[in-house]
Asks: 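Got a structure for you, questions after.
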Number of protein chains: 2
Amino acid sequence: MLSVPEAQQRLLPEMYPLLQSRYRILQTVQLMQPIGRRTLADSLKMTEREIRKETDILREQGLLDSQKSGMVCTDDGEVVIDKLRALVYEWSGLTQLAKLLENHFDLQHVIVVPGDYNEDDTILTLLGKEAAQQFMSTSFDGQIVAVTGGKSVASLAQFLHPTDTHNITFVAARGGIGHEMQMQANTLVSTFAMQMDAQYRTLFLPEHLSEQAYQAMLTEPMVTEMMKYYDHANCVIHGIGSAEEMAVRRNSSPEDLRILEEKGAVSEAFGYYFNAEGEIVHRIRTIGIQFEQVRRSKQVIAVAAGKQKVKAMLSYFKVAPKQTIFITDEVAAKAIAESLSS
Amino acid sequence: MLSVPEAQQRLLPEMYPLLQSRYRILQTVQLMQPIGRRTLADSLKMTEREIRKETDILREQGLLDSQKSGMVCTDDGEVVIDKLRALVYEWSGLTQLAKLLENHFDLQHVIVVPGDYNEDDTILTLLGKEAAQQFMSTSFDGQIVAVTGGKSVASLAQFLHPTDTHNITFVAARGGIGHEMQMQANTLVSTFAMQMDAQYRTLFLPEHLSEQAYQAMLTEPMVTEMMKYYDHANCVIHGIGSAEEMAVRRNSSPEDLRILEEKGAVSEAFGYYFNAEGEIVHRIRTIGIQFEQVRRSKQVIAVAAGKQKVKAMLSYFKVAPKQTIFITDEVAAKAIAESLSS
DNA sequence: ATATAGTGGGACGTAATATAACCCACCACT
DNA sequence: AGTGGTGGGTTATATTACGTCCCACTATAT
């Protein structure tokens, strides 16, 4: 039997793509407000005219407001976005995709965000929004949150805000001093903490330690303190990297690169490298959270998107903790689904 | 707070008239199938091109099928029509209109069908469909149904079909031999009975009897039998006429016409004439069901539509039995609502 | 058997609309 | 004070929608 929305879609087939595109526009305005026509058109890979036509209608409907500084989403607009999210995701097959991944990888929850991470600038923002929402909706007093680096994890920052929970502590999941300060764990924990009026602990350490230096560090007070935090972490927020990409970004030694290639490393997460079968084949020699500690954590939020990371995801999720909440984009999810069915 | 359909409508305001017109087309095809583009266009007062565009889409969606003899509604199409009826009526404000009349006239149920009885040929069919549905859904074994004449009542015929109830008897609510055989009570009861595999009783009598003839008739066996039926009628299906119209159609005597005008007759139902206050001011002198017998009937179905009958409706419903189910068209309902608010 | 009214599909010139690419005055930052 | 981004306006052009016929066919009624 047909449901009413199905019947409606049957009678008005052209409604579906229209709704989807208009929803996307309104959603993007909400995320990037205030924003102008041209910037919006660039961001969504649409023509200025198309944007103009749709925004005119949205403005007429009172979902959008045009100010001197650009277009902003009205309160009504936000309500509409919230109300229709489930419907749009359902129609786009995103819910089904999510369920598929959820079952296959045996994860707690999977959220698939519409669009292509590589094509659309707003996807990263969407990922962050969903992830932040997931995190905040389950946060509790005295929570200890381990956070890794990376663009995906960084995307949460703008959506974190103080909740009625207190005494949350963000800790950098790994020590490190890198080039891209903006994306580093140490930077992120301080940003996150600031957004949420919470505490944070950083760990500034060289990325690659010699065996002696490593052993020496283990007894340092600041390190033992961090280890204690790692042991009591209630939540881990992390990204998933493709092995090559990560190794290059960390400008690993030629020796390390050789080892990684030799051992068939495909994915990386919290300093561990996994091969295609999900086995740990290497670990960055630095202070950081242990995989076992991640496994014991009550909640794990994994954020990763983009087609280029599909292989890495397929590898890592062979061993990922079951309590993981995974947030990704449509393109990656579809690619995963395809590789599973073939 | 906004509901999902409301939010949808907010985001896609142009969807509403489109849905409405497309629904109307599909509905009309169902009622008049097989039907061609041009006939359909004439019937709906639309251009052929518009009909063509919409039917092309409907055909593509598998809701319609084009045969040599014309377009027909597929099974899927009928399902879609059923599923969306409530939604379309709701959006058109028909449900609200119906509730308004229901409350004001204190009736059991009011159904308002979209469109203008005078403009659109399909409205009569729609009225009949709804009325027939109401009747059949409440029919029971051994039911005695009194039926009057008129186009509105006749419209039920094509939608009546055998149900799992037995021993239904249709009886002509009034005796009569008129010109328009197709619309006469005697003709209708036989048609209704044939459609439903039921019994029927007719009463062929002159319309206007002299006092002596009337008194003589009362003792006739066929008349007394009918009287007994009237007394046990469980259901009355009738139309509502405007007084002038009816009097003319029945080519009443100049004397009667004078009396009617003098007494301010506005509406007519089962041979009774009512003035604007709903008081009985006249009665056709012929054998027929008594108003008191109608009042005692378990169910009363009144069918009447068209702007020209609004005054009559306003008059009759001042005294209509509370168990009446009233089926009318949008234009009439709106006119009534307006006259109530002013 | 034949006439006729009605059918779906096709075609075409025209009218209406959408489109892309600008310009402009203005504002908020830097 | 400069500069990049903003919404609004405009215009020639491309595209689509539209109304209106024509055609071959068929089912029904005469």
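The basis for the numbers below is simple: all heavy atoms, side chains too, and nothing from hydrogens, waters or symmetry mates. Reminder, nothing fancy here: chain letters follow the sequence lines and each chain counts from 1.
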Asks: Decide yes or no, distance alone: a donor-acceptor N/O pair under 3.5 angstrom between the base of D:dG19 and the side-chain of B:Arg52.
Replies: no
Asks: Rounded to the nearest Å, what distance is computed from the CE atom of residue B:Met46 to the P atom of nucleotide D:dG19?
Replies: 11 Å
Asks: Between B:Gln67 (CD) and D:dC25 (C1'), how many Å, whole number?
Replies: 15 Å
Asks: In whole Å, I'd like the distance from the CZ atom of B:Arg49 to the P atom of C:dG8.
Replies: 14 Å
Asks: Does A:Lys53 have a side-chain nitrogen or oxygen under 4.0 Å from the phosphate oxygens OP1 or OP2 of C:dT19?
Replies: yes
Asks: OP1 or OP2 of C:dA28 versus the side-chain N and O atoms of A:Ser69: is any pair under 4.0 Å?
Replies: no
Asks: Check the side chains of A:Asp76 and A:Gln61 for a donor-acceptor pair under 3.5 angstrom, ignoring hydrogens and angles.
Replies: no
Asks: As a quick check of understanding, evaluate side-chain contact (heavy atoms from CB on, under 4.5 Å) for A:Leu127 and A:Tyr117, giving each step before the final call.
Replies: CA-CA 9 Å; A:Leu127 286 171; A:Tyr117 174 84; 4.1 Å; yes
Asks: Could you state the CD-C1' distance from B:Glu50 to D:dT20, rounded to the nearest angstrom?
Replies: 15 Å
Asks: Side chain of A:Lys68: nearest nucleotide among D:dC21, D:dG19, C:dC27?
Replies: C:dC27
Asks: Of the nucleotides D:dG9, D:dC18, D:dG7, which one has an atom closest to the side chain of A:Arg38?
Replies: D:dG7
Asks: Expressed in angstrom and rounded to an integer, what is the separation of A:Leu64 atom CG from D:dT6 atom C1'?
Replies: 14 Å
Asks: Nearest to the side chain of B:Arg37, heavy atoms from C-beta on, is which of C:dG8, D:dT6, C:dA21?
Replies: C:dG8
Asks: Just the rounded figure in Å: distance from C1' of D:dT6 to CZ of A:Arg59.
Replies: 12 Å
Asks: Between B:Asp120 and B:Thr122, does any side-chain donor sit less than 3.5 Å from a side-chain acceptor?
Replies: yes
Asks: Of all the heavy-atom pairs spanning A:Ala193 and A:Gln199, show the shortest one and how long it is.
Replies: CB-O, 3.6 Å
Asks: Measure CG/A:Asp65 against P/D:dG7 and give the value in whole Å, please.
Replies: 11 Å
Asks: Between P on C:dC24 and CD on A:Glu48, what's the gap in Å once rounded to a whole number?
Replies: 16 Å
Asks: Indicate yes or no: does B:Lys53 engage B:Asp56 in a salt bridge with an N to O separation below 4.0 Å.
Replies: no
Asks: Counting side-chain heavy atoms from CB outward, which of D:dT6, D:dG8, C:dG8 is closest to A:Ser66?
Replies: D:dG8
Asks: What's the closest nucleotide to the B:Thr39 side chain, out of C:dT7, D:dT6, C:dC22?
Replies: C:dT7
Asks: A:Ile35 has a side chain; which of D:dG19, D:dT20, D:dT6 sits nearest to it?
Replies: D:dT6
